[in-house]
Amino acid sequence: MRKLVALPVLSADALSSVAYGPEALLAVLVLAGTAGLGYVFPVSGAIVLLILVVGLSYRQTIRAYPHGGGSYIVAGDNLGPVAGLVAAAGLMTDYVLTVAVSIASGVAAVTSAIPGFASVTVPLGLGVIALLLAGNLRGVRQAGVLFAAPTYAFIVAMFLLITIGLIQGFGEGFTPRPDPAVTATEGVGLLLIMRAFSSGATAMTGIEAISNAVPAFRPVAWRQARTTLSWMTGLLIAMFAGIIVLAHIADVVPSGQETVLSQLAHLSFGSGWLYVFVQAATAAVLLLAANTAYNDFPRVLSLLARDEFAPRMFMRLGDRLAYSNGIILLSLAAALVFVAFDGQTTALIPLYAVGVFLAFTLSQCGMVVHWWNKRIPNWRRSLAFNALGALLSFLVLITAGISKFTSGAWVAILAVGLFLLLTLRIHRHYSSVRAGLRLRPDTAPAPQHTTTGPPVNEEREELPDDVHHLVLVALATLDLAGLRALAYAASLGQPVLALHIGLTEEEAQRSRAYWTAWGDHVPLEIVVSPYRATVAPLVHYVQALHQQHPGLTLTVVLPEIVTRHRRHQLLHNRTAPRLRRALRPLPKVVITAVPFHV
């Protein structure tokens with residue numbers, strides 16, 4: 001991607017967060033009345049410093065991981081697999097909440113402009129999730145292109161609002177309007193300041209998206225990515241600070257009926273077309289910002305599945321080259337959270353900061369270890385940036401965990417713990433299955449058969465002696481389950497052919513080498529599937545074989561893992577039922593599953 005396209009596509013989540021980050025900060029400070037609002041600039045200044053430091057820290061991540069360095073990869077490579085899983089847990093929580101919060105805030109922008117829709121907040125949000133699900137199932141790339149126009153429109157709207165508001169403030173001598181009528185319900189204390197800081201820091205969500213997608217840039221990719229990250233950080237700081245200054249000048253405070261941005265737009269533009277433009281751009285970018293999560297959630301889940309920490313079904317690409325199962329899981333989880341919290345942004349914010357800054361902290365700590373171990377030129381400067389980013393992120397994480405624990409942060413902490421427990425149990429299961437399937441020196445090879453009988457030209461009533469077989473064994477890998485399927489096929493006394501669907505040329509060559517080392521007892525056909533599909537190429541191969549030899553009865557033998565516990569069966573591919581459905585229309589094709597119990 002060019003920088004002009006990458007900026008809106010990858011920055012939509014981070015930039016759109018200024019629609020709810022400043023408001024979340026003010027919503028906490030206003031609990032202490034006018035005295036609490038007096039702390040808005042010190043707290044905002046700390047958040048701006050945090051954005052700057054974390055942005056600079058992720059520039060170092062891009063430099064070290066030019067092929068994409070998400071928190072899961074960075075933490076896992078440098079701090080160990082458990083740290084990587086904890087970072088992944090934070091990321092997954094963050095992505096689910098990104099969808100829920102972005103849609104809740106987008107719907108709030110709509111209901112601020114059209115109050116009549118306030119009664120259907122939840123149905124509106126669920127409708128948007130359904131649209132995002134459908135769009136992403138058709139292909140993440142096509143859905144991502146939709147980001148460019150809304151994000152640029154939002155940037156223009158925010159700078160127009162800030163510029164006009166500052167001009168009006170300059171004309172009035174920057175004299176604040178009369179203090180709003182707010183009643184203090186809490187005293188100003190350290191806990192309140194901590195809550196406000198962690199709430200406002202949610203404006204940083206999505207800041208790591210560019211470091212995840214470095215390979216998507218044009219050459220030199222890492223240099224282009226760093227430049228784009230710098231632009232995003234600068235825009236984020238300018239818009240966040242501008243909204244805070246305008247809210248202070250206008251003495252605007254959060255309201256249950258209208259967002260802060262809507263109030264500011266009303267003060268600057270009235271109810272004319274510019275107000276409509278600001279609200280429409282805000283709603284559009286918020287409702288579409290969730291697509292960053294739809295890009296990253298399935299990708300991280302596929303990496304976890306690759307490393308055997310998640311079910312292998314999440315590695316499967318759909319026909320549109322999208323991780324369909326991950327997209328569906330994200331939509332279901334986001335819809336559940338959205339409904340549980342009644343689609344209210346203020347109720348969702350306390351859950352947000354924990355996952356975000358848990359991932360930030362582990363990623364930056366991993367980078368500190370990376371620079372210490374590599375010690376390449378300028379490593380000390382990079383280590384200092386990442387160490388400062390790790391320290392500040394950790395402080396925000398602790399602040400959010402303590403100050404918002406009873407407000408909902410406990411839900412995010414519990415989700416992280418359950419995620420870690422589940423992924424470790426899945427990995428343990430896969431490890432035990434792999435140990436059970438591993439070939440041993442005393443494994444007996446299957447006998448070789450190479451002859452076939454004469455073909456029959458048309459389908460008719462047959463006697464047993466008229467049936468001519470070819471047994472096709474579909475092998476994912478050469479293990480004990482595969483050898484049992486080969487042995488069963490050979491025991492039928494009919495010609496046997498093994499078929500392997502390779503996902504890449506390298507993987508196909510590696511499988512051929514394994515087969516040769518085993519002894520090449522049975523002819524092996526390897527079909528490379530560049531789109532990472534397995535069922536469709538296998539079906540096409542069987543169809544082509546059937547067309548070439550219509551007289552043959554093709555018996556497709558599939559090794560099938562059968563687990564002791566039913567719950568573990570979900571962790572293994574259900575290829576046999578899918579093949580059975582796909583091949584049922586073809587005559588003279590039989591599907592046989594050979595179970596291997598683990």
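The residues of the chain are indexed from 1 along the displayed sequence.
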From CA spacing to verdict: side chain to side chain donor-acceptor pair (under 3.5 Å), Asn378, Ser382
CA-CA 7 Å; Asn378 299 318; Ser382 297; over 6 Å; no
Please walk me through it: do Met158 and Leu261 pass side-chain contact (heavy atoms from CB on, under 4.5 Å)?
CA-CA 9 Å; Met158 289 300 98; Leu261 279 184; 4.0 Å; yes
Should Ile413 and Phe405 be marked as a side-chain contact (heavy atoms from CB on, under 4.5 Å) after you check the CA-CA gap, both sets of side-chain angles, and the distance that decides it?
CA-CA 9 Å; Ile413 296 172; Phe405 185 82; 3.9 Å; yes
Could you go through Leu235 and Phe159, starting from their C-alpha distance and side-chain angles, then the distance that decides it, and tell me whether this counts as side-chain contact (heavy atoms from CB on, under 4.5 Å)?
CA-CA 10 Å; Leu235 289 170; Phe159 279 99; 3.6 Å; yes
Run Ser105 and Leu286 through side-chain contact (heavy atoms from CB on, under 4.5 Å) and show every step you take.
CA-CA 7 Å; Ser105 190; Leu286 280 165; 3.4 Å; yes
Stepwise side chain to side chain donor-acceptor pair (under 3.5 Å) check, Tyr20 with Thr205:
CA-CA 11 Å; Tyr20 52 81; Thr205 57; 3.3 Å; yes
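The side-chain hydrogen bond (donor to acceptor under 3.5 Å, both in side chains) contacts involving residues 106-124 comprise nothing, where partners must be two or more places apart or lie in separate chains. Counting only residues at least two apart or in different chains, side-chain hydrogen bond (donor to acceptor under 3.5 Å, both in side chains) contacts with residues 387-405 comprise Ser199-Lys404.
Under the rule for a side chain to side chain donor-acceptor pair (under 3.5 Å), Ser57 has no partner lying at least two apart in sequence or in another chain. Residues passing the ring-ring contact (aromatic ring centres under 6.0 Å, His included) test with Phe277, sequence neighbours excluded: none. Annotation: side-chain contact (heavy atoms from CB on, under 4.5 Å) contacts of Ala333 (sequence neighbours excluded): Val96. Evaluation of the ring-ring contact (aromatic ring centres under 6.0 Å, His included) rule for Phe360 yields Tyr58, Phe357 as partners, not counting sequence neighbours. Legend: residues meeting side-chain contact (heavy atoms from CB on, under 4.5 Å) with Ala347, ordered by chain and number and at least two apart, are Phe341, Gln344. Every ring-ring contact (aromatic ring centres under 6.0 Å, His included) that Trp372 has, sequence neighbours left out, goes to Trp379. Every side-chain contact (heavy atoms from CB on, under 4.5 Å) that Asn78 has, sequence neighbours left out, goes to Tyr65, Val74, Val369, His370. A search for side-chain contact (heavy atoms from CB on, under 4.5 Å) contacts involving Ala335 returns Leu126, Ile129, not counting sequence neighbours.
Atom OG1 of Thr227 and atom CH2 of Trp222 lie 9.0 Å apart (nearest 0.5 Å). One distance of note links OG1 of Thr163 with CD of Gln168; it measures 11.0 Å at 0.5 Å rounding.
By the 4.5 Å heavy-atom criterion applied to side chains, Ile210 and Phe217 are counted as neighbours. When side chains are defined from C-beta on, Cys365 counts as touching Leu79, because their heavy atoms get closer than 4.5 Å.
The closest donor-acceptor contact from the side chain of Thr202 to the backbone of Ser198 lies at 3.5 Å or more, if one exists at all. Judged purely by atom type and a 3.5 angstrom limit, Asn136 uses its side chain to pair as donor or acceptor with the backbone of Leu132. No donor-acceptor distance shorter than 3.5 angstrom exists from the side chain of Ser11 to the backbone of Pro8, with no hydrogens or angles considered.
Scanning all heavy atoms of the two residues, the minimum distance from Val396 to Ala201 falls at CG1-CB, 4.2 Å. The shortest heavy-atom contact between Val99 and Ala334 is CG1-CB, 3.5 Å.
Between Phe297 and Tyr95, the ring planes are perpendicular. Angles over 60° get that label, and only those under 30° would be called parallel.
No side-chain donor from either of Gln60 and Asn386 sits under 3.5 Å from a side-chain acceptor of the other. Side chain to side chain, Ser17 and Asp13 fail the donor-acceptor criterion of an N or O pair below 3.5 Å. A donor atom on one side chain and an acceptor atom on the other are found under 3.5 Å apart for Ser331 and Tyr294.
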Only distances under 3.5 Å count here; give the side-chain donor-acceptor pairs of residues 39-54 to other protein atoms, sequence neighbours excluded, each with its distance to 0.1 Å.
unit_1	atom_1	unit_2	atom_2	d
Ser44	OG	Val40	O	2.6

Would you tabulate the side-chain donor-acceptor contacts of residues 263-271 under 3.5 Å, counting partners in other chains and residues two or more places apart, or write 'none'?
unit_1	atom_1	unit_2	atom_2	d
Gln263	NE2	Val253	O	3.0
Gln263	NE2	Glu258	O	3.3
His266	ND1	Glu258	OE2	2.7
Ser268	OG	Leu264	O	3.3

